[in-house]
2 protein chains.
Amino acid sequence: MKNITPRLIELFKHGFCTPQITQLAKKMKEPSTTIHYNIKKMEKEGAIKAYKAVFDYKKIGLGYCAYLLIRVSQDKYGKIDDVCEKLAKHNEVESVDIVTGDFEVLVKLRVKDSDEYYQFIQYIINNYSIIKAVSMTSLKQFKSEFVG
Amino acid sequence: MKNITPRLIELFKHGFCTPQITQLAKKMKEPSTTIHYNIKKMEKEGAIKAYKAVFDYKKIGLGYCAYLLIRVSQDKYGKIDDVCEKLAKHNEVESVDIVTGDFEVLVKLRVKDSDEYYQFIQYIINNYSIIKAVSMTSLKQFKSEFVG
DNA sequence: ATATTTTTCCGAATATTATTCAGTTATATA
DNA sequence: TATATAACTGAATAATATTCGGAAAAATAT
């Protein structure tokens with residue numbers, strides 16, 4: 001046993017996939033070279049950032065999903081961006097947005113269970129300039145990453 | 001001009017991509033047939049739901065992103081699930097979660113601009129059993145769909 | 001209006017890559 | 001310890017992406 005799966009998941013989260021030009025061509029009833037041309041164009045323009053896998057997260061040991069609203073201490077200008085960049089580096093973090101409203105940052109997290117979630121929260125509160133954090137645990141997911 | 005791009009985007013949002021087995025094999029320093037075997041296994045088990053593209057949404061005319069917290073009227077049991085399923089069907093909707101906290105549902109939206117956003121909000125408030133909705137507009141995105 | 005440049009499209013040939021298959025090794029179960 | 005099941009792998013094959021050259025269309029300049 002080589003324990004391929006966890007390594008595969010980590011790579012698949014960010015990329016290591018590629019378009020199915022022939023399938024697209026069939027679906028769209030266009031020549032595959034035309035599809036190819038248009039895809040490469042989008043890639044060059046930066047319109048396409050990556051090709052990746054979407055998982056059934058329960059089945060890969062990431063069954064605990066939560067949204068976290070954060071208020072950041074504002075003693076230095078530009079601090080929020082720093083915190084966001086640090087948060088984005090964690091591979092438990094699916095998304096990081098600066099948002100309007102009572103909180104400044106909205107983070108989406110995927111971890112194994114509540115223990116791992118608690119650990120993560122503790123870590124970021126202790127290490128980043130976070131004043132207040134409100135958790136919204138996902139109880140049921142109907143759609144994620146545009147996949148239903 | 002065949003206007004390939006919009007059709008391509010719609011298909012790429014949900015699928016029409018495939019793993020790069022050779023690249024994964026090189027990266028992981030394992031035989032490509034072993035990688036192939038493991039991927040197919042994950043697909044059969046349902047651990048992998050799809051392979052899809054991630055966009056620079058500004059560049060594809062979906063520059064307006066917002067999170068929407070929703071409270072649903074609870075006169076009938078199971079109503080929340082119905083509303084979530086309806087919401088999930090819209091292709092402006094990236095994710096739908098039932099969450100803990102003051103609101104029941106959290107929806108992530110991607111549209112062209114505030115006009116389109118307002119239209120969407122109006123539509124769902126008029127057509128689904130939504131009592132209250134709070135918008136959190138994304139001002140800056142540091143990470144999305146695990147892609148930074 | 002028309003010439004010129006740039007972009008988009010697409011068929012045929014080639015290069016890459018995924019997939020199948022058959023056999024081997026490892027792991028789990030009896 | 002025997003037997004069954006799952007995981008792994010190299011060699012052959014099938015499928016697919018990519019390149020290239022040129023044609024058509026669109027945009028821009030004259």
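This one's a predicted model, so the numbers in the text were calculated from it and none came from an experiment. Proteins come first, then strands; the chains are lettered A, B, ... in the order of their sequence lines, and each starts at number 1.
- In this structure, the CD atom of A/Glu30 is 14 Å from the P atom of D/dA25, given to the nearest Å.
- At whole-Å resolution of the value, CG in A/Asn38 and C1' in C/dC9 are 9 Å apart.
- For A/Lys58, the salt bridge (Lys or Arg N to Asp or Glu O under 4.0 Å) test picks out no residue, with sequence neighbours left out.
- Taking the six-membered ring where the residue is Trp, B/Tyr123 and B/Tyr128 present perpendicular rings, their angle passing 60° and hence far from 30°.
- For B/Thr34, the listed nucleotide lying nearest its side chain is D/dT9; candidates were C/dT7, C/dC10, D/dT9.
- Expressed to the nearest 0.5 Å, how far CG of A/Asp56 lies from CD1 of A/Ile60 amounts to 8.0 Å.
- Across the protein-nucleic acid pair, A/Ile39 atom CD1 and D/dT18 atom P stand 9 Å apart, rounded to whole Å.
- With hydrogens and angles ignored, the 3.5 Å screen pairs a side-chain donor or acceptor of A/Lys13 with a backbone N or O of A/Asn91.
- B/Tyr64 and B/Glu92 share no donor-acceptor pair across their side chains, judged by distance under 3.5 Å alone.
- When the C1' atom of D/dC8 is taken as reference, atom CG of A/Leu8 falls 14 Å away, rounded to whole Å.
- Rounded to whole angstrom, the span from the NZ atom of A/Lys44 across to the C1' atom of C/dT8 amounts to 12 Å.
- At C/dT8, one or more side-chain N or O atoms of A/Lys41 fall inside 4.0 Å of OP1 or OP2 (strictly under the cut-off).
- Between B/Tyr67 and A/Tyr67, the ring planes are perpendicular. Angles over 60° get that label, and only those under 30° would be called parallel.
- Following rounding to the nearest Å, A/Met28 (CE) and C/dC9 (C1') show an atom-to-atom distance of 13 Å.
- For the helix from C/dA1-D/dT30 to C/dA30-D/dT1, the rotation axes defined at the first and last 5 base pairs enclose an angle of 50°, given to the nearest 10°.
- There is no side-chain donor-acceptor pair under 3.5 Å between A/Glu94 and A/Tyr57.
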Protein proximity profile, nucleotides 17-30 of chain C - base contact B, sugar-phosphate-only contact S, no contact -, cut-off 4.0 Å on heavy atoms: SSSB-----SS---
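- In summary, the side chains of B/Tyr117 and B/Thr137 do not present any donor paired with an acceptor at a separation below 3.5 Å, with no hydrogens or angles considered.
- Between the NZ atom in B/Lys59 and the CD atom in A/Glu45 there is a gap of 8.0 Å [rounded to 0.5 Å].
- An OP1 or OP2 oxygen of D/dC8 is reached within less than 4.0 angstrom by no side-chain nitrogen or oxygen of B/Tyr37.
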